[in-house]
**Q** 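Let me begin by handing over the structure; questions about it come next.
The model shown is predicted, which means the values in this text are computed figures rather than measured ones. Every number for a ligand or one of its atoms is a count from 1 in the order of the listing.
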Amino acid sequence: MVSDNPKQAVDVAVLVSPGIGHTIPLFEFSKRLSVDHGLEVCFLVITTNEPSPAQDSLLRPEAGAVIPPNLHVVDLPPTDLSTIPEDTTLGDRISLLVKRSLESVRVVLLEPTSRPKALVIDIFCSEALEFGQELSIPVYTFFTTCAALLTFSLYLPTLDHEVEGEFTDMPGPIRVPGCRSYRPEDLLDPVKNRKIEEYRWILLHFSRLPRAAGILLNTWEDLEPVSLAALKENPFFLQIPAPPVYTIGPVIKQAEGSEMLTPSNAESLTWLDRRPPESVLFITFGSGGTLTIEQLTELGWGLELSQQRFVWVVRAPTDVSGSGTFFKAGSTKSGPEEYLPEGFLERTRGLGVVVQSWAPQMAILGHSSTGAFISHCGWNSTLESLSCGVPLIAWPLYAEQRMNAAMLAEDIGVAIRPVTMDQGTGLVGRDEVERVVRMVMEGEEGKALRRRARDLKDSAEKALSCGGTSWETLATVCREWKSKDIYAAPNNKCSCAAAGRT
Ligand code: UDP
């Protein structure tokens with residue numbers, strides 16, 4: 001089970017749920033602990049029998065991954081994905097995979113050499129809070145998305161208690177205390193139907209948040225001042241009681257080095273080298289994002305009509321879900337010529353590049369020729385875009401992405417949202433694609449978004465530099481972990497248990 005056994009006592013163990021969208025920020029976080037703060041870190045990976053080339057290139061030295069010596073990647077025994085029914089929702093699937101692996105986590109934590117002073121988990125691993133307490137190991141939650149969603153998550157148990165029926169049937173927007181309001185259609189997917197299992201899972205995970213010894217949040221002070229102030233000052237959040245919240249972001253991956261690039265990925269970067277500054281639109285929908293054939297066709301035509309340069313990551317279309325490649329990111333089946341509009345590749349030769357399945361996103365976003373990003377607004381992609389000063393066309397697909405898109409467009413001012421043709425399918429037509437692409441790439445509105453994105457890039461750099469808010473916060477937490485006596489009983493007894501919470 002253990003692929004890289006630590007020789008020294010472990011300071012921190014990090015447990016991540018399946019899916020590259022959680023693995024990337026938790027692995028980057030682990031690297032920061034080990035490289036910047038000198039901690040011995042054990043990174044526990046819940047594996048499945050389905051290969052994920054993107055995950056391999058991140059975690060496996062044989063696939064080009066660069067891993068610091070004091071960061072130990074430990075594979076837990078794989079779960080067979082085929083034993084989970086095909087129609088299981090994404091949230092259920094992740095929660096079930098975690099549940100099946102928890103016993104192996106306990107085994108690792110009980111080994112004398114890998115017993116950590118602290119365990120850091122992501123939200124889908126919330127059951128580990130139970131045995132953390134039992135093993136006297138303080139458990140921290142690394143919240144992989146924004147402060148705005150954290151406020152909603154901490155509020156959800158109250159909302160669940162107070163509201164009868166579906167949240168989507170409420171007459172007006174849902175207001176989180178001290179924070180923004182959400183239109184029902186923008187709520188995160190699992191809470192849109194309270195009768196399904198996925199809702200019960202998410203409610204359970206969110207209800208357990210107050211039990212953590214602390215919440216590490218992947219954002220920074222200047223990006224989300226309102227939500228962060230609400231967490232500190234609003235009477236609702238003061239009475240929960242929520243554990244300390246540490247803003248340590250943006251925690252994002254570094255630009256992919258040449259050793260990690262496939263030949264076609266290297267070609268797309270060389271193509272970018274020859275284009276004018278800020279003249280190329282980058283399009284990809286995270287690790288899992290897939291479009292229907294109808295949407296893929298409209299997007300293709302819209303890009304062509306806009307006559308703007310592009311790098312487009314194309315995946316095989318599917319009608320089943322918007323997160324079709326979540327567990328096998330980077331894998332390929334058939335070529336784009338099979339499903340792009342007929343003649344598209346010939347007609348756009350020179351104007352754009354189509355990349356199959358997976359691109360080196362950070363290297364592209366950080367390239368001077370990249371001018372804007374059509375993104376599904378997963379939180380990593382959002383942070384990566386802002387850290388590179390690149391404005392977005394917000395094209396949410398699943399999970400909490402609509403909440404992120406609303407915040408980016410309406411509060412932060414770095415994105416525009418295309419108008420869909422109808423609520424039901426969410427289809428964005430070719431004329432709308434052409435309109436928003438031209439607006440961001442050529443229009444005055446695009447310039448304003450770019451200025452805002454550049455300001456945020458500067459503020460992110462400041463937060464992460466020595467003396468900046470995020471750097472100092474993480475340094476303080478690391479000092480606390482380092483100085484901890486592992487045999488002392490941690491003070492993470494569940495204060496909320498006394499308050500009658502689950
Ligand atoms: N990513 C990438 N190349 C791609 C698509 C995605 O490198 O073609 C990376 C991206 O840089 C980000 C992660 O995959 O770090 C996706 O995370 P995000 O939170 O944006 O979305 P999720 O995949 O969780 O929906």
Side-chain angles (χ1 to χ4, degrees), residues 16-29 31 52-59 63-65 90-91 93-94 122-124 142-146 149 188-190 218-219 249-257 260-262 264-266 268-269 281-291 310-316 321-332 336 353-367 370 373-388 390 392 394-405 408 415:
V16 62
S17 66
I20 194 83
H22 286 192
T23 309
I24 287 174
L26 275 121
F27 194 60
E28 288 305 320
F29 165 73
K31 279 192 192 165
S52 164
Q55 177 144 320
D56 288 348
S57 74
L58 191 74
L59 302 179
L90 185 60
R93 193 171 275 254
I94 299 174
D122 77 54
I123 188 77
F124 286 102
F142 183 110
F143 201 73
T144 49
T145 176
C146 51
L149 187 69
L188 72 159
D189 285 345
N218 198 3
T219 193
V251 179
I252 54 168
K253 66 178 174 176
Q254 306 298 306
E256 297 80 357
M260 294 170 81
L261 300 179
T262 61
S264 80
N265 280 176
S268 56
L269 286 171
L281 175 68
F282 176 49
I283 306 142
T284 189
F285 297 97
S287 58
T290 40
L291 304 178
F310 63 84
V311 172
W312 182 13
V313 179
V314 177
R315 299 184 179 135
S321 87
S323 57
T325 55
F326 193 87
F327 292 106
K328 27 192 168 191
S331 57
T332 46
V353 172
V354 166
V355 179
Q356 203 176 340
S357 192
W358 192 259
Q361 179 161 309
M362 271 307 286
I364 292 178
L365 286 173
H367 197 289
T370 302
F373 183 18
I374 293 191
S375 170
H376 72 320
C377 301
W379 194 241
N380 298 305
S381 295
T382 300
L383 292 177
E384 290 164 11
S385 201
L386 300 184
S387 300
C388 294
V390 174
L392 299 111
W395 192 305
L397 294 175
Y398 59 94
E400 89 295 0
Q401 293 152 14
R402 285 180 188 81
M403 293 173 90
N404 297 345
L408 292 170

**Q** Need the ligand 1 atom indices (1-based, order shown) with element for anything under 4.0 Å from a heavy-atom of E384.
**A**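 The list of qualifying atoms is 10 (C), 11 (O), 12 (C), 15 (O).
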
**Q** Under 3.5 Å, is there a donor on one side chain and an acceptor on the other for N380 and E384?
**A**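 The answer is no; no qualifying pair exists.
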
**Q** Check whether any side-chain N or O of S385 sits under 3.5 Å from a backbone N or O of V390 as a donor-acceptor pair, and report yes or no.
**A**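 Checking the backbone N and O of V390 against the side chain of S385, a donor-acceptor pair under 3.5 Å is found.
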
**Q** Would you kindly specify which portion of Y398 sits under 4.0 Å from ligand 1, judged on non-hydrogen atoms: side chain, backbone, both or neither?
**A**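 Y398 to ligand 1: side-chain contact only, backbone stays beyond 4.0 Å.
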
**Q** Mark up the atoms of ligand 1 that fall under 4.0 Å of a heavy atom belonging to S381, in ascending order.
**A**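 With S381 as reference, the close atoms of ligand 1 come out as 18 (P), 20 (O).
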
**Q** Does only the side chain of Q401 get under 4.0 Å from ligand 1, or the backbone, or both, or neither? Count heavy atoms.
**A**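 Side chain only.
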
**Q** Looking only at N/O atoms, are S357 and ligand 1 under 3.5 Å apart anywhere?
**A**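 No, there is no polar N/O contact under 3.5 Å.
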
**Q** Could you tell me which atoms of ligand 1, counted from 1 in the order shown, lie closer than 4.0 angstrom to a heavy atom of G286?
**A**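 Numbered from 1, ligand 1 contributes 5 (C), 6 (C), 23 (O).
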
**Q** Is there a side-chain contact between T290 and L397 in this structure, where contact means two heavy atoms from C-beta onward sitting under 4.5 Å apart?
**A**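 Not touching, per the 4.5 Å side-chain cut-off.
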
**Q** Judged by non-hydrogen atoms, does K253 sit under 4.0 Å from ligand 1?
**A**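 Flag set, K253 near ligand 1.
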
**Q** Is it the side chain, the backbone, both or neither of R315 that has a heavy atom closer than 4.0 Å to ligand 1?
**A**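 For R315, only side-chain atoms sit under 4.0 Å from ligand 1.
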
**Q** Number the atoms of ligand 1 from 1 as they appear, then name those within less than 4.0 Å of a heavy atom of G21, with their elements.
**A**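 In order of numbering, the contacting atoms are 17 (O), 24 (O).
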
**Q** Check for a donor-acceptor pair, side chain of W379 on one end and backbone N or O of N218 on the other, with a separation under 3.5 Å.
**A**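 Checking the backbone N and O of N218 against the side chain of W379, a donor-acceptor pair under 3.5 Å is found.
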
**Q** Treating N265 as the side-chain partner and W358 as the backbone partner, does any N or O pair qualify as donor plus acceptor under 3.5 Å?
**A**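 Yes; judged by distance alone, with no hydrogens or angles, the pair exists.
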
**Q** Which one holds for W358 and ligand 1: side chain close, backbone close, both close, or neither close, with close meaning a heavy atom under 4.0 Å?
**A**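 Within the 4.0 Å criterion, W358 contacts ligand 1 through backbone and side-chain atoms alike.
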
**Q** Quick check: does any side chain N or O of E256 sit under 3.5 Å from a backbone N or O of M362, one acting as donor and the other as acceptor?
**A**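 Yes; judged by distance alone, with no hydrogens or angles, the pair exists.
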
**Q** Quick one: closest heavy-atom pair of S17 and T23, and the distance?
**A**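 It is O-OG1, 4.1 Å.
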
**Q** Quick one: are H376 and N404 in side-chain contact, heavy atoms under 4.5 Å?
**A**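 No - every pair of side-chain heavy atoms lies 4.5 Å or more apart.
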
**Q** Mark up the atoms of ligand 1 that fall under 4.0 Å of a heavy atom belonging to W379, in ascending order.
**A**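 Close to W379: 19 (O).
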
**Q** Number the atoms of ligand 1 from 1 as they appear, then name those within less than 4.0 Å of a heavy atom of A359, with their elements.
**A**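 Under 4.0 Å from A359, ligand 1 has these atoms: 2 (C), 3 (N), 4 (C), 7 (O), 8 (O).
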
**Q** Below a 4.0 angstrom heavy-atom separation, can you tell me which part of T284, side chain or backbone, both or neither, approaches ligand 1?
**A**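 Contact part for T284 vs ligand 1: side chain (C-beta onward).
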
**Q** Counting distance only, does the side-chain N/O of T284 pair as donor-acceptor with the main-chain N or O of V313 below 3.5 Å?
**A**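 Checked: no pair found.
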
**Q** Which of the numbered atoms in ligand 1 are below 4.0 angstrom from a heavy atom of G378?
**A**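 Listed by number with element: 18 (P), 19 (O), 20 (O), 21 (O).
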
